[in-house]
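We name chains A, B, ... by the order of the sequence lines, and we start the count at 1 in each one.
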There are 2 protein chains.
Amino acid sequence: MADELGHPSLEEMDLGKVLTALSDPLRRRVVTELIVEPGDAERTCASFNLPVSKSTCTHHFRVLRESGLVTDMDYGNRRGVRLRRLEVEQRFPGLLELLAQNTGTARPQA
Amino acid sequence: MADELGHPSLEEMDLGKVLTALSDPLRRRVVTELIVEPGDAERTCASFNLPVSKSTCTHHFRVLRESGLVTDMDYGNRRGVRLRRLEVEQRFPGLLELLAQNTGTARPQA
């Protein structure tokens with residue numbers, strides 16, 4: 001069952017929600033940056049320098065959290081995210097590798 | 001370069017567009033059904049029995065075609081799609097396997 005912050009359990013992770021989360025280029029950037037972090041490093045929202053408002057950043061973090069891709073921690077004065085690496089690998093084998101191999105290949109939209 | 005029907009070349013296939021295409025449950029259903037077809041079997045739009053209008057079906061086929069996942073053939077009186085299996089495998093290794101392993105795991109949205 002999802003916890004009070006909306007983190008789904010392993011069994012609840014849904015590929016549709018995960019793909020929706022990853023279809024946004026900024027959210028994909030957060031995940032691909034977390035993939036190359038050592039271990040389960042925690043990053044703050046601000047550290048990604050997303051070109052969006054704080055509330056939009058909060059929205060993106062929520063979508064990522066509810067998909068199961070990240071753990072989202074609210075410290076009151078700042079938020080941190082951590083990739084749920086082992087769980088995502090277990091539930092969707094190959095997904096993180098696919099994302100890692102396609103970092104920066106996005107081309108400008110026609 | 002994309003052809004006149006909007007089929008991107010292998011190099012033009014963009015993970016963002018592919019993930020957007022696959023984030024829709026009906027489009028994902030089309031692709032997962034094509035995955036289990038033998039070889040490069042062609043299916044008509046009607047054969048998927050999508051619970052949508054003909055124009056919406058045409059829209060979904062266009063999104064799939066423009067992402068590079070399928071070849072879309074217009075025969076005038078009917079349309080057919082075919083999975084670009086080898087090309088998708090080459091461009092995004094593991095993606096089709098990921099989709100195949102997660103068929104039917106979608107749960108009702110809360």
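- Take B:Arg65 and apply the salt bridge (charged side-chain N to carboxylate O under 4.0 Å, His left out) test, not counting sequence neighbours, and it matches B:Asp72.
- The salt bridge (charged side-chain N to carboxylate O under 4.0 Å, His left out) test applied to B:Glu37 returns B:Arg43, not counting sequence neighbours.
- Residues B:Leu99 and A:Leu15 form a side-chain contact, since some pair of their non-hydrogen atoms from C-beta on lies under 4.5 Å apart.
- Under a hydrophobic-cluster definition in which Ile, Leu, Val, Met, Phe, Trp and Tyr are linked whenever side-chain heavy atoms come within less than 4.5 Å, directly or via other members, B:Phe48 and B:Leu83 are assigned to the same cluster.
- Both the backbone and the side chain of A:Pro93 have a heavy atom closer than 4.5 Å to some heavy atom of chain B.
- A:Val63 and A:Leu26 are assigned to two separate hydrophobic clusters, defined by single-linkage of ILVMFWY side chains at heavy-atom distances under 4.5 Å.
- In this structure, A:Ile35 is a member of the same hydrophobic cluster as A:Val88, with clusters built from ILVMFWY side-chain heavy atoms closer than 4.5 Å.
- Checked against B:Ser23 for a side-chain contact (heavy atoms from CB on, under 4.5 Å), the options A:Val18, A:Leu19, A:Leu22, A:Asp24 give a single hit: A:Leu19.
- If you take CG on A:Leu95 and CD on B:Glu97, they are separated by 13.0 Å, rounding to the nearest 0.5 Å.
- Residues B:Asn102 and A:Arg91 meet the side-chain proximity criterion, which asks for heavy atoms closer than 4.5 Å.
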